[in-house]
**Student:** 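The structure's right below; bear with me while I get my questions together.
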Amino acid sequence: MGEVQTVEVAVDVPLHGTFTYLAREALIPGQRVLVPFGRRKVCGIVANAIPREGVEADRLKEIEASLAGVPPLPPEFFSMVEFAARYYHYPFGQALFTALPTSLREARDVVLPDETLYALTDRGVSEPPPARQTARRALWQALCDGPMTIARIKSAMPRAGAVVADWLDRGLLKRETPPSVPFEVATVPVLNDEQAAALAALSSGEGFRAWVLQGITGSGKTEVYLRRIEAELAAGRQVLILVPEINLTPQLVSRFAERFPRTRMALLHSELSDGERLRAWVDAWQGRAGIVIGTRMSVFVPLPKLGLIIVDEEHDGSFKQQDGLRYHARDLAVWRARRDKVPVVLGSATPSLETVANIRAGRYERVSLTRRAHGKASLPVIHLLDVRHLKRVEGLAEPAIDALRRRIERREMSLVYINRRGFAPVVACTECGWISGCPGCSARLVVHLLERVLRCHHCGHEEPVPRACPSCGNIDIKPLGEGTQRLESALERMFPEARVLRIDRDTTARKHAWDAIYRQVHAGEVDILVGTQMLAKGHDFGALSLVVVLNADGGLYSADYRAGERLFSQLVQVAGRAGRADVPGEVLVQTQWAEHPLYQALRANDFDGFTETQLAEREAAGFPPSTFQAVLRADAPRLGDACRFLESVSADVAGRHPAVLFSGPAPALMMRLANRERAQLILEAQRRAELHACLDELSACAADLARRAPRALRWSLDIDPQEL
DNA sequence: AGCACGCCGACT
DNA sequence: GTCGGCGTGCTC
């Protein structure tokens, strides 16, 4: 008789560990199963875990069924999820389910389209069905042109099932598995010397290497990727390309499709339906797709023949998941590349400071592209407009107005970029440049106008808003970054003849909004584009001859220590929009702090100089990448409950971990959100290991205390947080 | 997380 | 008298 065995099963619940079940038949790790759980039936994944002791056999329930549709998930998938669950201190079961496409999380069988190809045998070709059997004859004709899937056969001849079975029986038809990674390259443009050198570098060595491809805007990074990808495809391997959400555009996809016309691509992004996503996921997993392009979630997709990982725009914040399993796809990509002994390429014009620190530490190797790839195209000229000494109309400095007017006369397109980021207003003196800093730590104080206080979101310090500048007595002190509200309408009043197109969350919310915007822009129907952050991402607006940047200073002295880094990268991006082959573009940045090192570095096109000062500042202040951080966040209907919870967690754990600095609890920057109030506790350590040892204890303690706290309290732990 | 059990307020 | 609020406890 079949012996009853026990099996460990992972389930999508916020509890640590796996659950033990009885199984009547042998089950393979990675298999999806239907299990009774509490009073419901859920999907579980058979885990290759050590059977747990001390669970009485009579309390065990039985696996109800195995769920059909896909093969068992491979061990490499598990090992990556295990790592992510451990590193991000998140329950294994939930981590496993976040790494899966929705269809595989549900307690249902899945049905995938049948990929088997049917082809005529030699005999089949030489024995056509009689002409009077028109349907069979038409199917035969279609099959003569090449193999077909069952779905395509049925669309040609709805009741073909019996015919196919009959032809298979009589040896007229055979099943074929598709050639795994068919490969062919379309015409390839010539690389310039620098690109060729970069490609040679990225192709050198064997096994794991972490490369940073740092190329200025327009330097042709994508072409280098394409060449590098070509080599992998030619060797029959798969390539994983991670891109920010916004960059996964039809233009990017068609560029790949045109270059490798016979290679199957799997695209993974948030717009897909569950069915489409499952299909792409399985194509990648089964090795059918040679190229896998996707957003952060694709870092988990099993890839049996992985040869290379590319993370494009690696500095982009969208690689960090902001809820649930708060993973960073770039960091997991590097981990995965090391494990799979394949190279990883991190591409960016402005690599993140974390990446720069890794280059300096010798963990990553940098390859640079310093020239624009095409013709005589040159970098834009950047001017700083010191608004303290210039006359302004509605927030626009006169030289900027003149420059816009000239472009309108010449029928050239301009972009007015308004930086609304750094929404947390820091108070500054317009005379001496004094900034509201925290006396207790190196963070900056944020104005809360309603409560009339300055507050530190790092340590919780509070003080009243001063009436005059504490440094020079000037009474004209105000929050940085005020006065952009009226700008858009002001532009229209100033240039009534110009066609102004505003691009922001409101105007792009509708589904095909971008298509319409692109059409107008490329048809030359726009004189001035006005927009926010969105414009700094990889949209192609063709050539602009002028970019005016307003309100950038908010990012200079922000409560968020990453604001400077983000500002620099955004300015480099928007500046990169300016300029064409014949005329260099012009960029005007309006600022009160023209002498600030960030702007000086921007003007001199000096990324290394910029990172130098940033790294020094971060080191002095004890912020990443020179330290390692985690944030414990809590929210509740009342701030007090959230703070009390964080306070008791801190009191419980802090004493035993002197190497970890606890700051707070402090109210979070966006204190109120959807009628809930939020607070945070920040942890910092010099070494990652120290932080993680502390976090092991802290997460257990938080889970325990949360059970006794008011039920409405929610908490989360964010490792390597992106924003505080 | 989800789901049930359980014990107190305004409704047919 | 019951329908339903959400506090508490558990899930192999």
Side-chain angles (χ1 to χ4, degrees), chain A residues 2-67 73 78 81-82 84-85 88-108 274 297 321-327 632-638 640-642 644-645 648 674-678 699-718:
Chain A
E3 201 179 310
V4 179
Q5 356 169 233
T6 67
V7 164
E8 293 301 303
V9 176
V11 170
D12 191 8
V13 287
L15 300 168
H16 280 278
T18 51
F19 294 84
T20 315
Y21 282 88
L22 300 171
R24 299 211 157 269
E25 52 190 304
L27 291 165
I28 304 162
Q31 227 173 312
R32 296 199 316 130
V33 288
L34 183 66
V35 291
F37 191 77
R39 254 146 283 228
R40 59 206 166 114
K41 302 247 192 297
V42 297
C43 171
I45 311 283
V46 177
N48 198 4
I50 302 132
R52 292 183 314 153
E53 309 273 315
V55 188
E56 309 101 85
D58 57 330
R59 288 193 55 217
L60 296 184
K61 291 184 184 173
E62 206 172 294
I63 304 250
E64 195 140 307
S66 57
L67 293 166
L73 295 157
F78 277 88
V81 171
E82 263 160 36
Y88 293 104
H89 293 263
Y90 200 67
F92 174 71
Q94 279 191 304
L96 187 60
F97 278 77
T98 37
L100 286 173
T102 330
S103 320
L104 296 183
R105 293 179 207 165
E106 286 164 359
R108 284 191 273 114
D274 292 350
M297 65 214 182
Q321 174 101 40
Q322 294 291 9
D323 54 68
L325 175 68
R326 294 168 176 264
Y327 63 96
L632 180 64
R633 288 184 243 264
D635 70 86
R638 288 188 340 228
D641 289 335
R644 259 191 301 284
F645 164 74
S648 33
N675 270 329
R676 301 179 65 85
E677 302 194 311
R678 317 187 307 147
S699 59
C701 170
D704 191 48
L705 285 171
R707 248 179 286 122
R708 263 163 277 164
R711 195 57 167 197
L713 183 124
R714 289 192 305 227
W715 66 279
S716 68
L717 185 56
D718 192 351

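Sequence lines set the chain letters: A, B, ... in the order given, protein chains first and strands last, and positions in each chain run from 1. Only a predicted model underlies this, so the values are computations on that prediction, with no experimental measurement involved.
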**Student:** Rounded to the nearest Å, what distance is computed from the CZ atom of residue A:R707 to the P atom of nucleotide C:dG7?
**Tutor:** 18 Å
**Student:** Base, sugar-phosphate alone, or nothing: which one does A:L15 contact when heavy atoms must sit under 4.0 Å apart?
**Tutor:** base
**Student:** One thing to verify: whether A:R326 and A:D323 come together as a salt bridge, which I'm taking to mean a side-chain N less than 4.0 angstrom from a carboxylate O.
**Tutor:** no
**Student:** Roughly how far, to the nearest 0.5 Å, is CG of A:D274 from CZ of A:R105?
**Tutor:** 8.5 Å
**Student:** With sequence neighbours left out, what residues match A:R644 under salt bridge (Lys or Arg N to Asp or Glu O under 4.0 Å)?
**Tutor:** A:D641
**Student:** Kindly say if A:R708 contacts the phosphate of C:dT8, meaning a side-chain N or O under 4.0 Å from OP1 or OP2.
**Tutor:** no
**Student:** How many Å lie between NE2 on A:H16 and P on B:dA1, as a whole number?
**Tutor:** 13 Å
**Student:** Please give me every residue in residues 31-45 of chain A whose heavy atoms get under 4.0 Å of an atom in DNA chain B, ordered by residue number.
**Tutor:** A:R39, A:R40
**Student:** Taking CD from A:E64 and P from C:dC12, how many angstroms apart are they, rounded to a whole number?
**Tutor:** 12 Å
**Student:** Taking CG from A:D704 and C1' from C:dG9, how many angstroms apart are they, rounded to a whole number?
**Tutor:** 14 Å
**Student:** For A:F645 and A:W715, take the angle between the two ring planes, folded into 0 to 90°, and tell me which bin it lands in: parallel under 30, tilted 30 to 60, perpendicular over 60.
**Tutor:** tilted
**Student:** What is the minimum heavy-atom distance between A:S103 and A:R32, and which atoms define it?
**Tutor:** O-NH1, 3.9 Å
**Student:** Can you tell me the distance, in whole Å, between the CG atom of A:L60 and the C1' atom of C:dT11?
**Tutor:** 13 Å
**Student:** In whole Å, what is the span from the CZ atom of A:F97 to the P atom of B:dA1?
**Tutor:** 16 Å
**Student:** Mind calculating the distance between CD1 (A:I63) and P (C:dC12) to the nearest angstrom?
**Tutor:** 12 Å
**Student:** Go through it in stages, so that I can follow the logic: the residues are A:E677 and A:R638, the test is salt bridge (Lys or Arg N to Asp or Glu O under 4.0 Å), and I'd like the CA-CA distance, side-chain angles, deciding distance and then a yes or no.
**Tutor:** CA-CA 6 Å; A:E677 302 194 311; A:R638 288 188 340 228; over 6 Å; no
**Student:** For A:F19 and C:dC10, what is the distance between atoms CZ and C1' respectively, to the nearest whole Å?
**Tutor:** 10 Å
